[in-house]
Amino acid sequence: MVTAVKETTVVRNDLDSALLVRAYRVMLLARATEDKLASLYRAGMIKGGVFLGKGQEALSTASSIFLQKGDIFGPLIRDQAGRLAFGDTVLDTFRTYLGSAKGPMRGRDGNIHRGRPREGYYAMISHLGALVPVVAGGLYARRLRGETGVVGVTSIGDGGTSTGAFHEGINLAAVEHLPLVVVIANNQYAYSTPNSRQFACADLLDKAAGYGIAGFKCDGTDPVASLETLQLAVQAAREGNGPQMVVATLLRLVGHGEHDDAGYVDAALRQANVGRDCLEVGATQLIGSDLATAEEIAAWTKEAQAEVEAALNIAQREKGPDPADEDWRAISTERLVDGHHDLEDE
Amino acid sequence: MVTAVKETTVVRNDLDSALLVRAYRVMLLARATEDKLASLYRAGMIKGGVFLGKGQEALSTASSIFLQKGDIFGPLIRDQAGRLAFGDTVLDTFRTYLGSAKGPMRGRDGNIHRGRPREGYYAMISHLGALVPVVAGGLYARRLRGETGVVGVTSIGDGGTSTGAFHEGINLAAVEHLPLVVVIANNQYAYSTPNSRQFACADLLDKAAGYGIAGFKCDGTDPVASLETLQLAVQAAREGNGPQMVVATLLRLVGHGEHDDAGYVDAALRQANVGRDCLEVGATQLIGSDLATAEEIAAWTKEAQAEVEAALNIAQREKGPDPADEDWRAISTERLVDGHHDLEDE
Amino acid sequence: MSVTYLEAIRAAQEKALTDDPRVFIYGQDVGAFGGAFKATKNLAAEFPGRVMDAPLSEDAIVGLAVGAAIEGARPIVEMQFADFSTVGFNQIVNQAATLYYRTEIPCPIVVRLPSGGTLGAGPFHSQSMEAVYAHYPGLVVMTPATVEDAYSMMLEAVAIDDPVIFCEHKLLYYHLKADKLPDTAQPVGKARIARAGRDATVVTYSAMLHESLQAAEDLVEDGWQIEVIDLRTVKPLDTDTILASVARTGRLLVVGEAWPWGGVNAEVISRVATEGFGLLDAAPMRLNARDTPVPYHPDLWAAHRPTASVIAARLRQLLTQ
Amino acid sequence: MSVTYLEAIRAAQEKALTDDPRVFIYGQDVGAFGGAFKATKNLAAEFPGRVMDAPLSEDAIVGLAVGAAIEGARPIVEMQFADFSTVGFNQIVNQAATLYYRTEIPCPIVVRLPSGGTLGAGPFHSQSMEAVYAHYPGLVVMTPATVEDAYSMMLEAVAIDDPVIFCEHKLLYYHLKADKLPDTAQPVGKARIARAGRDATVVTYSAMLHESLQAAEDLVEDGWQIEVIDLRTVKPLDTDTILASVARTGRLLVVGEAWPWGGVNAEVISRVATEGFGLLDAAPMRLNARDTPVPYHPDLWAAHRPTASVIAARLRQLLTQ
Ligand SMILES: Cc1ncc(C[n+]2csc(CCOP(=O)(O)OP(=O)(O)O)c2C)c(N)n1
Ligand SMILES: Cc1ncc(C[n+]2csc(CCOP(=O)(O)OP(=O)(O)O)c2C)c(N)n1
Ligand SMILES: [Mg+2]
Ligand SMILES: [Mg+2]
C-alpha cells in the first residue's frame with residue numbers, strides 16, 4: 001500500500017516535448033469546441049443545459065492523455081478536453097448536444113452524458129460520484145479476465161467528494177487494490193457552493209490516507225505540472241500500486257452552466273494564481289521552452305476553430321432520431337419487454 | 001479546526017473513582033442482560049435475531065456515560081451498555097425483545113431498534129451509517145434554537161465506515177462544526193468480513209484528517225482507557241471544537257448475532273490483547289486501584305443478575321400489542337391517512 | 001401583477017420562515033444563490049442562518065432534516081432535481097417514513113422535488129418519482145398543479161407533522177401564472193374538480209392537468225363535456241371525489257407523466273375498478289409516459305409523454321367505446 | 001433427497017459459475033462465510049477469486065457490477081437483505097437500468113434481494129421492493145415462488161443480457177422443498193397456472209402463492225374451484241395469461257405481500273380493468289399488506305400481511321358478489 005504524498009514540481013524535461021505540444025493542441029481544440037457550444041447556447045440552438053470546462057482543459061487533458069488503448073476513462077462535467085484526448089471527437093460532441101441520431105447517444109441522452117463504453121469511454125450519469133465504482137468495476141472485470149497493465153481514470157469535483165458514492169467507490173477500489181486514478185478538480189465551488197460549505201479538511205488530499213491510497217497534488221492551471229503529475233499517477237497505477245488520488249487546484253472560468261453568470265465567485269480568486277487561464281499558462285510554457293512560437297499557437301488556434309466549424313457543419317445537417325422509428329424499449333431482451341405501452345397506438 | 005490526533009495513555013487519576021465504579025457496574029448490568037438475552041434466544045423465546053455487544057461494554061459505556069440530560073445518544077448494534085448508561089432500562093430492553101406493548105417500540109420494532117427520541121435517545125434503523133447525519137441533525141436543530149454545550153454521540157463499526165451515509169454524515173457535521181462524537185468500534189470484523197476486505201488505510205483514524213476533525217484512539221478492551229478517551233472527546237465537542245472521531249480497537253466476543261458461531265474469527269486475535277474481555281480487564285483495574293474487591297465485584301454481578309431477573313419477570317408478564325387495537329397508520333395526521341386498507345374489513 | 005408557480009413556492013417558504021421560527025431550509029445552493037431554480041431567492045439574506053447551503057450529500061441532507069425534526073424543528077430540504085433524491089432515498093423511505101410508526105415521534109420534514117420533464121433535460125433531470133414515494137407507508141406525497149396549490153400546499157406541507165414529498169413540476173415554474181396568491185385553500189388530501197363535465201372523467205395531476213384541460217377544451221367542439229379532476233395529493237389519494245365523478249360520467253381516463261408500471265394511474269384505476277366497478281360504463285383507460293428513460297431530444301421527449309392531442313384522441317376512443 | 005428453495009438458488013449460482021467464466025459473485029459475506037443465508041455456501045472455495053466479500057457499500061457494489069458488465073462480465077450481487085438495496089438504489093435505477101437505452105451496451109447484472117417478511121424480522125429486514133424496481137424502465141424483476149423457479153429463473157437471470165432484480169423470498173428459503181432440481185423450465189416472462197380452476201382467478205407471486213394455494217384448497221369443501229396464477233416475473237407482467245384466466249372465471253383477486261399503494265396488485269387490476277373489462281363478472285379485489293412498516297411482533301406481523309384464511313374469506317366475498 002502506497003500512502004506517500006508527492007508534491008510535484010515543474011521538471012519540464014521529464015515530459016517529451018511532442019506530448020506537450022499534443023496536449024496543448026487538445027486544450028485548444030476543447031476550448032474552441034466549448035466556445036462554439038456557448039454561442040450555440042446563446043443562439044438558442046441547444047436544448048437543455050450547456051456545461052463547460054473552461055479553465056480546466058490542462059488538468060482534463062492530462063487526465064486521459066497517458067491512457068492507452070484498452071484503458072478506461074470515465075470523464076465528468078468539465079472534461080471536454082480529456083474526452084478529446086481519449087478519442088472522442090468534436091463531431092460527436094456536437095452530435096450529442098444537437099441530438100443527432102448519428103451521435104453515440106442517438107438523441108437519447110445529451111451534452112456531457114456521452115460515451116462509448118465499449119471503447120473504454122464510459123458515459124456518466126448525472127449523479128455525482130456514481131461513476132467512481134463503475135470505473136472500478138470495469139477494472140475489476142479486466143483483472144478477473146487476466147488483463148494486466150490496464151488503468152482507469154475518472155474525475156470528480158470538490159463537490160463530488162461529499163457524495164457517498166465517491167467514498168464507497170474509492171474505498172472499494174482501495175480494498176481491491178485496483179489501478180484507478182481519481183482526479184479531483186478542486187475548482188473552489190460546487191455550482192455556487194464554496195469549499196467552506198463543502199468540506200472542513202485542510203486539504204482534500206488529506207482524504208487519501210483515509211483510504212490508504214497514494215496522493216498527488218498539483219496546480220491545475222499549469223499544463224506542465226498537470227501532465228507531470230498525472231503521468232506519475234497513471235504510471236503508479238499501471239505498475240500495480242493501487243488507486244491514486246490527484247488533487248488539482250484551479251477555478252472554473254465560466255458559469256456552472258451557460259445559464260449561470262458565476263456571480264458568486266470571489267473576485268480575489270479570479271485574480272489569484274488559481275484563476276489563471278491554463279491556455280495562457282501553457283502558451284507561455286511552450287514559448288518559453290522554445291516548443292512553439294506565438295505565431296504557431298495562433299495558427300493552431302485557427303486550425304482548431306476550423307475543425308470545430310467543419311464538425312458543426314456536419315452535425316447541424318444530421319437529423320435527430322425519428323420517434324416513429326424508435327422501438328422504445330429499455331432492455332435488450334426483446335421477448336422480456338413488458339408489453340404494456342400506453343402511448344403505443346397513438 | 002482541530003486536527004490533532006491524541007493517543008491516550010492510562011492516567012487513572014484523571015477519572016474520578018465513583019465514575020469508574022459506576023461505569024463498571026453498567027458494564028456488568030449490560031453483560032448480565034445480554035447473557036439472559038442469549039439464553040432466551042436459545043430457548044426460542046425471542047422471535048427474530050439477537051445481536052449482542054459482549055466484549056464491547058467498556059467502550060460502549062464510555063460512549064454515553066459523559067453525556068448529560070439534553071445531550072443526544074445514537075447507539076448502534078453493540079451498545080447495550082451505552083444504552084443503559086444513557087438511561088435505557090433492562091426492563092425496556094426485554095420489553096422490546098419480547099415485543100411488549102409497554103415497551104418504547106410497542107412491538108412495532110424490536111431488539112436493538114429501540115430508543116426514546118424525545119429523551120435524546122435515538123432509535124437506529126438497520127441501515128448502517130444512517131444514524132450519523134440524524135444525530136448531526138439533532139445537534140443542528142439544538143444550535144439553531146440557541147442551545148449551547150449540547151453533545152451528540154453516535155457509534156459505528158469498522159464495516160459501517162464503508163457506507164456512504166457515514167461519509168456524508170461526518171463530512172456534513174465537520175462543515176457545520178457540530179459537537180458530534182463518532183465512536184468507531186473497530187472489532188476487526190463486519191459480520192464475517194475481516195478488516196482486510198473492508199478498508200485499506202493503515203489506521204481508521206487516518207480518516208479523521210480527511211474530514212478535518214479531531215481524532216482519538218484507544219484500546220477498547222480497557223475500561224479506563226476508553227473512559228479517559230471518551231471523556232476527552234466529549235469534552236472537546238462540548239467546548240465547541242467540532243466533531244471528534246474516536247477509534248477503539250477490540251473484538252466482539254460473540255457471534256454477529258446469536259445464530260452465528262463466529263467461526264470465522266482468527267484464533268490469534270482471540271488470544272491477542274484485542275481479544276481480552278473488558279470485564280476482566282476492568283475487574284483487574286478496579287481491584288488494582290483498590291476501588292473494589294473481588295468479593296464486591298461478585299456481589300455487584302449478583303445484583304445485576306437479580307435486576308435482570310426482576311425486569312424479565314415483569315416484561316414476560318406483559319402483553320404484546322393487540323392487532324385489533326392497532327390503528328395501523330404510519331403518519332400522525334389522521335385526516336391524511338390514505339383510506340385504502342385492503343386488510344381492513346377482515 | 002402576477003405570480004408564477006415558482007414564486008408561489010418561494011413566497012410560501014418565506015411565509016413559513018416568517019411565521020414559524022422552527023422552520024429552516026437546507027439544500028445545495030439554496031443560500032445566497034437562491035437555489036438552482038431560484039425558489040429560495042433572497043431568503044438567506046432575509047433569514048440569516050436559516051437558509052443554508054448544504055454539501056453535495058443528499059443522504060446526509062435528509063438525515064439532518066430527520067434529526068432536526070426529532071428535536072422539534074421543521075426543515076424544508078431542497079433536492080436540486082427530483083432525480084437526485086435517489087441518493088437520499090434511504091433516509092426518506094426508511095428513516096423519515098418509519099419514524100412516527102416506530103417511535104410515535106412525528107417527522108415534520110418537507111422534501112422538495114423539482115420534478116418532471118422539460119425540453120432537453122434528458123434522463124436524469126426529468127423524472128417523476130411520486131409513485132415511488134407513494135408506495136411507501138409513512139409519507140404524504142403532494143403534486144400541486146396550480147399556482148394557488150403550489151402556495152397553499154407548501155404552507156400545509158410545512159404545517160403538518162408528517163414527512164411530505166413535495167413534487168413541484170419544473171415545466172410550470174416560470175410559465176404558469178396566477179393573479180395573486182390565494183388567501184384560502186382547499187384542504188390538502190382532497191382532489192379538485194378542475195373542470196366540470198358530464199361525459200367522461202379525466203383524473204390527472206401536476207403538469208398533466210394542463211394538457212388534460214387543453215384536451216377537454218378541444219373536445220368541446222365535438223359536443224363532449226369532459227370532467228377533469230386534479231388529484232393534488234397522490235398520497236393520500238382522494239378516492240371519494242374520483243368515484244363520485246365516475247358515478248356521474250361512467251367513463252374514466254387517467255393521465256400521468258410518470259412511467260407506466262404501477263404508478264398513480266394504476267392505483268387510481270385499481271381503486272375505481274375495485275370500489276366503483278358498477279359505475280363504469282366502459283373500460284377505463286390510462287395514459288403514461290413510455291417505459292424508457294426520459295429522452296433528451298425534443299422530438300423523442302414529445303413522443304415519450306402524453307400531450308393534449310394524445311389525450312384528446314384517447315378520450316375520443318373512450319367516449320365512443 | 002430433496003432440495004430447498006435456498007439450495008436451488010445456491011445450485012443455480014454454482015452452475016452459472018461453472019458454465020460461464022464471465023460470472024462472478026460479489027457481496028457482503030458471500031465469500032468463505034457463504035452469505036448471511038448461505039446462498040453461496042462453499043462457492044468461494046470452489047471458484048477461487050470469483051466469489052468475493054465486499055465492503056459494506058451497497059452503492060459501490062452495484063456500481064462495480066455495472067462497470068464489470070460493461071466489460072463483458074456477468075456479475076451476481078447479493079444484497080444482505082432487500083431492504084438494504086435502498087442504499088444501492090441509485091446505481092440500480094439510474095446506472096444499471098439506463099445503460100442499454102442510453103448506450104446500446106446491455107447490462108447483464110443480477111441483483112439478489114432476499115425479500116419479504118419472516119417472524120420477528122421487523123421493519124428493515126422484511127421489505128418487498130419488487131414494485132419499486134418494476135416501476136423503473138430498464139429492469140427485469142423476477143419473483144420466484146417455487147424451488148424449480150428459484151433454480152431455473154436464477155439461471156435465466158444470469159443468462160439474459162439485462163439487469164435482473166431477483167426477489168427471493170426468505171420465508172421460502174428453508175421450508176420450501178422439491179424432490180429435485182428441474183431439467184426444463186417455463187420461459188421467463190410467462191406466468192404459470194399453479195392450480196386450474198373455474199370460479200375465480202387469484203393472481204399472486206412469491207410467498208403469497210402458497211397462502212393463495214392453501215386458500216384455494218380451503219374453498220374446495222364449499223365446491224369452489226379457484227384458479228391460482230403465479231406471476232413468476234412481475235416485470236414483464238404476463239397480461240395474456242391473466243386475461244385468459246379471467247376470461248374463464250370472470251372473477252379476479254390479486255394477492256401480494258407488498259404495500260398497497262401502486263404495487264403489483266394495482267398494476268394487475270389496472271391491466272385487467274383496461275384490457276379485459278368485459279371479462280369481469282364482478283368487481284376485482286386485491287389484498288396487500290397494510291400501509292405501515294412491517295411490524296416486529298409476530299401478532300402484528302400476522303395481521304399485517306395477507307394469510308390463507310384472509311384470502312379464503314376474501315374469495316368467498318368475491319364469489320358471492
Ligand atoms: C448527487 C447529485 N446531486 C446534485 C447534483 C446537481 N449538481 C450538478 S453539478 C453540481 C455541482 C458540482 O460541483 P463539483 O463536484 O465541485 O464539480 P464542478 O461543477 O465544480 O466541476 C451539482 C450540485 C448532481 N449532479 N448529483
Ligand atoms: C447498509 C447496510 N448494509 C448491510 C447491513 C447488514 N449488516 C448488519 S450488521 C453488518 C456488519 C456490521 O459490521 P460493523 O459495522 O463492523 O459492526 P459490528 O457488527 O462489527 O459491530 C451488516 C453487513 C446493514 N445493516 N446495513
Ligand atoms: Mg467544483
Ligand atoms: Mg465490526
Side-chain angles (χ1 to χ4, degrees), chain A residues 46-49 96-101 105-111 113 124-130 157-166 190-194 196-199 256-257 260 263-264 319-324 326-331 337-338 340-346, chain C residues 28-36 52-60 80-81 83-84 86-88 90 118-126 255-256 259-261 265 285-307 309-311 313-314 317:
Chain A
I46 291 176
K47 307 298 173 228
T96 307
Y97 271 96
L98 297 174
S100 159
M105 312 311 280
R106 299 150 298 135
R108 294 182 174 189
D109 207 339
N111 49 61
H113 300 94
M124 64 179 277
I125 66 169
S126 295
H127 301 69
L128 293 169
D158 38 273
T161 65
S162 298
T163 62
F166 165 86
Y191 208 154
S192 76
T193 305
S196 60
R197 292 288 303 164
Q198 197 66 248
F199 52 81
H256 168 63
D260 168 29
Y264 45 79
K319 288 215 186 81
D322 182 346
E326 283 284 314
D327 56 1
W328 296 108
R329 59 189 167 91
I331 60 170
V337 171
D338 193 23
H340 188 80
H341 290 302
D342 289 295
L343 287 175
E344 204 156 70
D345 21 311
E346 304 303 323
Chain C
Q28 290 150 21
D29 305 297
V30 299
F33 191 63
M52 298 297 287
D53 286 339
L56 221 159
S57 304
E58 282 77 3
D59 184 273
Q80 204 149 77
F81 284 80
D83 318 50
F84 300 139
T86 48
V87 284
N90 183 56
T118 57
L119 205 66
F124 309 113
H125 291 75
S126 302
V255 182
W259 292 305
W261 198 106
N265 296 7
M285 290 182 159
R286 57 174 170 170
L287 278 171
N288 290 95
R290 293 184 193 264
D291 198 27
T292 70
V294 184
Y296 167 74
H297 194 287
D299 295 346
L300 290 183
W301 181 58
H304 184 265
R305 63 178 204 129
T307 53
S309 68
V310 170
I311 298 167
R314 187 58 63 97
Q317 253 180 275

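Sequence lines set the chain letters: A, B, ... in the order given, protein chains first and strands last, and positions in each chain run from 1. Atom set for the values below is all heavy atoms of this structure, side chains included, hydrogens, waters and symmetry mates excluded.
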Engineer: Just give me the residue among C:Gly122, C:Ala32, C:Gly120 that pairs up with chain A most often, heavy atom to heavy atom, under 4.5 Å.
Structural biologist: C:Gly120
Engineer: Using heavy-atom distances under 4.5 Å, tell me whether A:Ile331 contacts chain C through its side chain, its backbone, both, or neither.
Structural biologist: neither
Engineer: Strictly distance-based, threshold 3.5 Å: is any side-chain N or O of C:Tyr296 a donor or acceptor partner for the main-chain N or O of A:Tyr97?
Structural biologist: yes
Engineer: Of all of A:Ala130, A:Gly129, A:Gly107, which one pairs up most often with chain C through heavy atoms under 4.5 Å apart?
Structural biologist: A:Gly107
Engineer: For the interface with chain C, which of A:Thr163, A:Asn111, A:Asp109 has the highest count of heavy-atom pairs at distances below 4.5 Å?
Structural biologist: A:Asp109
Engineer: Checking A:His113 against chain C: side chain, backbone, both or neither under 4.5 Å from a heavy atom?
Structural biologist: side chain
Engineer: Considering only heavy atoms, which portion of A:Gln198 lies under 4.5 Å from any heavy atom of chain C: side chain, backbone, both, or neither?
Structural biologist: both
Engineer: Quick check for you: to the nearest 0.5 Å, what is the distance between A:His127 atom NE2 and C:Asp83 atom CG?
Structural biologist: 5.5 Å
Engineer: Is C:Ala36 in contact with chain A via its backbone, its side chain, both, or neither, using a 4.5 Å heavy-atom distance?
Structural biologist: both
Engineer: Non-hydrogen atoms of chain A under 4.5 Å away: do they reach the side chain of C:Glu58, the backbone, both or neither?
Structural biologist: neither
Engineer: If you count heavy-atom pairs under 4.5 Å with chain C, which of A:Ser192, A:Gly49, A:Gly263 comes out on top?
Structural biologist: A:Ser192
Engineer: With a 4.5 angstrom heavy-atom cut-off, which part of A:Leu128 approaches chain C: side chain, backbone, both or neither?
Structural biologist: side chain
Engineer: So which atom in C:Asp29 and which in A:Ala190 form the shortest heavy-atom distance, rounded to 0.1 Å?
Structural biologist: OD1-O, 3.3 Å
Engineer: Could you state the interatomic distance from CD1 (A:Ile125) to OG1 (C:Thr86), rounded to the nearest 0.5 Å?
Structural biologist: 7.0 Å
Engineer: For C:Trp301, which atoms come within 4.5 Å of any heavy atom of chain A: side chain, backbone, both, or neither?
Structural biologist: neither
Engineer: Side-chain contact test, heavy atoms from C-beta onward, threshold under 4.5 Å: evaluate it for A:Trp328 versus C:Leu300 and give yes or no.
Structural biologist: yes
Engineer: Determine the interplanar angle of the A:Tyr264 and C:Phe33 rings, folded into 0 to 90°, and report it as parallel if under 30°, tilted if 30 to 60°, perpendicular if over 60°.
Structural biologist: perpendicular
Engineer: So how far is it from A:Lys319 NZ to C:Asp299 CG, rounded to the nearest 0.5 Å?
Structural biologist: 11.5 Å
Engineer: Using a 3.5 Å distance criterion without hydrogens, assess whether the side chain of C:Asp53 forms a donor-acceptor pair with backbone atoms of A:Thr193.
Structural biologist: no
Engineer: If you count heavy-atom pairs under 4.5 Å between each of A:Pro323, A:Ala330, A:Gly157 and chain C, which one has the most?
Structural biologist: A:Pro323
Engineer: Measuring from atom NE2 of C:His297 to atom NZ of A:Lys47, what distance do you get when rounded to the nearest 0.5 angstrom?
Structural biologist: 9.5 Å
Engineer: Could you tell me whether a side-chain N or O of C:Ser57 sits under 3.5 Å from a main-chain N or O of A:Ser162, the two making a donor and an acceptor?
Structural biologist: yes
Engineer: Can you tell me how far the NE2 atom of C:His304 sits from the CD atom of A:Glu326, to the nearest 0.5 Å?
Structural biologist: 10.0 Å
Engineer: Could you tell me which portion of A:Thr96 (side chain, backbone, both or neither) has an atom closer than 4.5 angstrom to a non-hydrogen atom of chain C?
Structural biologist: backbone
